[in-house]
Amino acid sequence: MSSFGPVAPYYDELMRIVPYRMWVSYYLLLLAQQGAHPKTLLDLCCGTGTMCELLTREDFLLTGVDLSPEMIEVARRKAAVKKLNIRYECMDAAQFSLGETYDGVFSFFDSLNNLLEPERLESAFHSVARHLPAGGSFIFDLNTAYAFEQQLFDQQNLRKNAKLRYKWIGDWDRESQIITVQMRFWRGEEAFEEIHRQRAYPIDEVRHLLARAGFDEIHVYDSYSLDPPRRQSDRVHFTAKKA
């Protein structure tokens, strides 16, 4: 069963409650913490392009990459309607090549948790490094094992008047550190399903993989703050620079 395919036409409705502008503000704060002043940005796992659109309006030049052709199609259509100059490409985060470099790369909304093998996560870090100059900024977030243990993926909205109804149930495997989320959706009389899988990565392992890919000045924050991670942090943000 595919991921981020059938849901693509309804993804923006599903994410309507997400405070995107707060995420943009937090990203700008993390850039300031790095002392980074990028002009060109790459959104890795860009989805339907909402972050790209908001950052374009902040005078950055944006490119977005996503594995899902359906999501990229929606992103391109939105950019065309709004007359925004954003390049979107359908590529695998673990191995992508765009033929140019960027001042900064970011990946938000726990997208990199979808890389289920450490080798693929490290490959993604190497791919990011190839698209950055020395001193280039890399910022991303990850869900933690605590988030999966607390069943934060168990969600539902079955209100009859909801445009998109859904019920999600997560199955957390402590041994593999992978959660499998069965997602059922209903829109009017239409019903469809997706299965999403994410892996939790220990912070020290991520630090090690970043260093192996050529990054330094690595910092980790309890998400939406400048505080260090806590045992109860369900999401953490990493910042790094290409050495």
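For reference, positions follow the sequence shown, starting with 1.
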For K78, side-chain contact (heavy atoms from CB on, under 4.5 Å) partners two or more places apart: D12, T48, T50, E53, V74, K82
Between Q95 and S123: side-chain donor-acceptor atoms closer than 3.5 Å: no
Test applied, side-chain contact (heavy atoms from CB on, under 4.5 Å); reference residue, Q198; option that passes from I179, L112, L142, I178: I179
Side-chain H-bond candidate by donor/acceptor type, Y102 with E100, under 3.5 Å: yes
R230 atom CZ, over 12 foreign heavy atoms within 6.0 Å: yes
Salt bridge K39-D59, side-chain N to carboxylate O under 4.0 Å: no
Pair F138 and F140, ring centroids less than 6.0 Å apart: yes
Whether F109 and W23 hold their rings parallel, tilted or perpendicular, with breakpoints at 30° and 60°: tilted
Parallel, tilted or perpendicular: rings of F185 and Y166 (30°, 60°): tilted
Stepwise side-chain contact (heavy atoms from CB on, under 4.5 Å) test for L62 and C46: CA-CA 10 Å; L62 266 295; C46 65; over 6 Å; no
E149 and R174 ion-paired at < 4.0 Å: yes
Distance-only side-chain donor-acceptor flag, Q182 / E193, under 3.5 Å: yes
Aromatic contact, F192 with Y10 (centres under 6.0 Å): yes
Geometric class of the F4/H196 ring pair [parallel <30°, tilted 30-60°, perpendicular >60°]: tilted
Euclidean distance, C52 SG relative to L61 CG, rounded to 0.5 Å: 11.5 Å
Plane angle bin for W168 and F153 - parallel if under 30°, tilted between 30 and 60°, otherwise perpendicular: tilted
W172 to A200 - nearest heavy-atom pair and separation: CH2-CB, 4.1 Å
Criterion ring-ring contact (aromatic ring centres under 6.0 Å, His included) on Y26 and F108, from CA distance to verdict: CA-CA 11 Å; Y26 185 53; F108 280 0; 7.5 Å; no
Residues, nucleotides or ligands: over 12 heavy atoms within 6.0 Å of I17 CD1: no
Polar contact flag, side-chain donor to acceptor under 3.5 angstrom, D141-S223: no
